[in-house]
Amino acid sequence: MTLTASYEHCRRLNARHGRSFYLATLLLPAWKRRHVHALYGFTRHVDDIVDASGETAAGTGGRAAALDEVTLRLGASLAGEEIDDPVLPAFVHTVRSFGIERTDLDAFLRSMRTDLTVTRYATYDDLLVYMEGSAAAIGLMMLPVLETVPGAARQAREPARELGRAFQLTNFLRDVAEDLARGRVYLPQEDLAKFGVTEDDLRGGGRERALRELVAFEAGRARDHYRRALDGVELLTPSSRPCIRAAYDLYGGILDEIAAAGHDVLRARARVPRRRRAAIFARHLLAASAAGRAERRRPAGVR
């Protein structure tokens with residue numbers, strides 16, 4: 001597969017599976033956009049391997065073997081070998097172009113491997129360890145592509161990690177039923193016990209009020225991560241800020257929809273209505289256009 005075709009494949013993966021995030025990426029300059037799609041495409045590809053059903057991946061052993069294969073192919077591609085793969089050419093080109101750290105790639109792959117065997121987390125601290133690779137590391141991988149203002153690269157790292165955690169915890173709350181169908185519970189066991197919620201309750205078996213209180217509690221944690229991430233937006237180059245602000249609003253909007261449903265996450269999957277999504281996009285479009293024009297006019301080497 002050609003490099004161009006690989007980037008297009010990653011774009012399609014993003015458009016099909018990450019609609020809110022994809023909408024936000026449309027606010028980026030085109031040259032940054034394709035690299036963000038490449039990062040999404042690879043992480044989505046690996047996530048699909050981990051989440052594959054037993055029938056399609058011969059159970060946990062088959063998924064582990066497939067993950068081993070992806071890891072080996074990634075290493076070979078990073079070493080300069082030509083690999084026939086729909087995702088790796090674009091992903092490796094992006095990794096090389098921006099000097100994305102191998103430690104962040106390894107952290108992500110480590111958390112994905114955890115999903116093959118770990119289905120419950122005793123405490124929130126345990127869940128944070130998992131999210132360090134599955135969410136925070138992705139935020140760090142994004143950072144070189146988005147670019148920071150001069151001298152802010154180190155300062156921007158923690159907000160990027162926090163935003164990754166915020167997005168993932170939002171997804172965990174939205175996808176309680178879907179994750180349970182895969183045999184996983186990402187809500188910490190100590191929190192279930194604190195609110196008197198059992199896994200049968202997560203299947204709709206009762207204690208509705210207690211479950212709603214638990215979800216509200218975890219949503220509060222997610223909002224704390226969003227708040228800690230917010231200052232990092234101003235550390236990005238102006239042409240990247242509208243995208244991240246839109247993503248912030250779109251994912252935060254999922255929490256708003258969960259709250260509007262009384263924190264009931266079992267009856268329906270929380271979605272931001274199309275009209276609100278369009279309004280969020282439109283609100284940030286003018287700033288994105290202005291920042292893009294300013295960036296194109298700026299002399300080479302000057303941010």
Which pair of heavy atoms, one from [X] and one from [Y], lies closest together, and at what distance?
X      : Y      : value
His35  : Thr94  : ND1-OG1, 2.9 Å
Pro159 : Ala229 : O-CB, 3.5 Å
Leu255 : Ala222 : CD1-CB, 3.9 Å

Check this for me, if you would: do Arg276 and Asp256 make a salt bridge, where the nitrogen-to-carboxylate-oxygen distance has to be below 4.0 angstrom? yes

Salt-bridge present (Arg267, Glu208; N to O < 4.0 Å): yes

To the closest 0.5 Å, what do you measure between [atom1] ([X]) and [atom2] ([Y])?
X      : Y      : atom1 : atom2 : value
Leu67  : Ile49  : CG    : CD1   : 6.5 Å
Thr43  : Leu109 : OG1   : CG    : 10.5 Å
Phe98  : Met142 : CZ    : CE    : 11.0 Å
Asp264 : Leu211 : CG    : CG    : 7.5 Å

Please, which pairs that meet ring pair (Phe, Tyr, Trp, His ring centres under 6.0 Å) have at least one residue in [range], sequence neighbours excluded?
range            : result
residues 248-276 : Phe167-Tyr251, Tyr226-Tyr248
residues 133-164 : none
residues 176-200 : Tyr130-Tyr186, Phe172-Tyr186, Phe195-Phe217

From the options Leu236, Val233, Thr237, Leu235, select the one residue that forms a side-chain contact (heavy atoms from CB on, under 4.5 Å) with Leu146. Leu236

Please say which of Arg184, Arg63, Arg44 ends up in a salt bridge (Lys or Arg N to Asp or Glu O under 4.0 Å) with Asp51. Arg184

What pairs of residues pass the salt bridge (Lys or Arg N to Asp or Glu O under 4.0 Å) test when at least one of them lies in [range], not counting sequence neighbours?
range            : answer
residues 192-202 : Arg120-Glu199, Asp201-Arg207
residues 75-96   : Arg73-Asp85
residues 6-15    : Glu8-Arg11, Glu8-Arg12

What orientation do Phe21 and Tyr40 show, parallel under 30°, tilted 30 to 60°, or perpendicular over 60°? parallel

Quick one, Asp106 with Thr103, criterion side chain to side chain donor-acceptor pair (under 3.5 Å). Give me CA distance, side-chain angles, the key distance, then yes/no. CA-CA 5 Å; Asp106 291 342; Thr103 53; over 6 Å; no

Assigning hydrophobic clusters by single linkage (Ile, Leu, Val, Met, Phe, Trp, Tyr; side-chain heavy-atom cutoff under 4.5 Å), is Val118 placed with Val176? yes

Hydrophobic cluster membership, Ile280 vs Leu28, 4.5 Å side-chain cutoff: no

How about Arg283: does its CZ atom have over 12 heavy atoms from other parts shown lying under 6.0 Å from it? yes

Arg16 CZ: over 12 foreign heavy atoms closer than 6.0 Å: yes

Output, in order, the C-alpha distance, side-chain angles, deciding distance and verdict of side chain to side chain donor-acceptor pair (under 3.5 Å) for Gln168 and Ser134. CA-CA 8 Å; Gln168 180 145 68; Ser134 64; 2.4 Å; yes

Distance-only, no hydrogens or angles: does the Asp126 side chain make a donor-acceptor pair with backbone N or O of Thr123 under 3.5 Å? yes

Is Ser77 reaching over with its side chain to a backbone N or O of Leu74, donor-acceptor style, under 3.5 angstrom? no

Scan side-chain atoms only and decide if [X] and [Y] contain a donor-acceptor pair under the 3.5 Å cut-off.
X      : Y      : value
Asp68  : Thr71  : no
Arg228 : His225 : yes
His17  : Asp48  : no

Would you say the side chain of Tyr124 lies within less than 4.5 Å of the side chain of Leu127, judging by non-hydrogen atoms? yes

Only one of Glu295, Arg293, Glu147 forms a side chain to side chain donor-acceptor pair (under 3.5 Å) with Ser239, so which one is it? Glu295

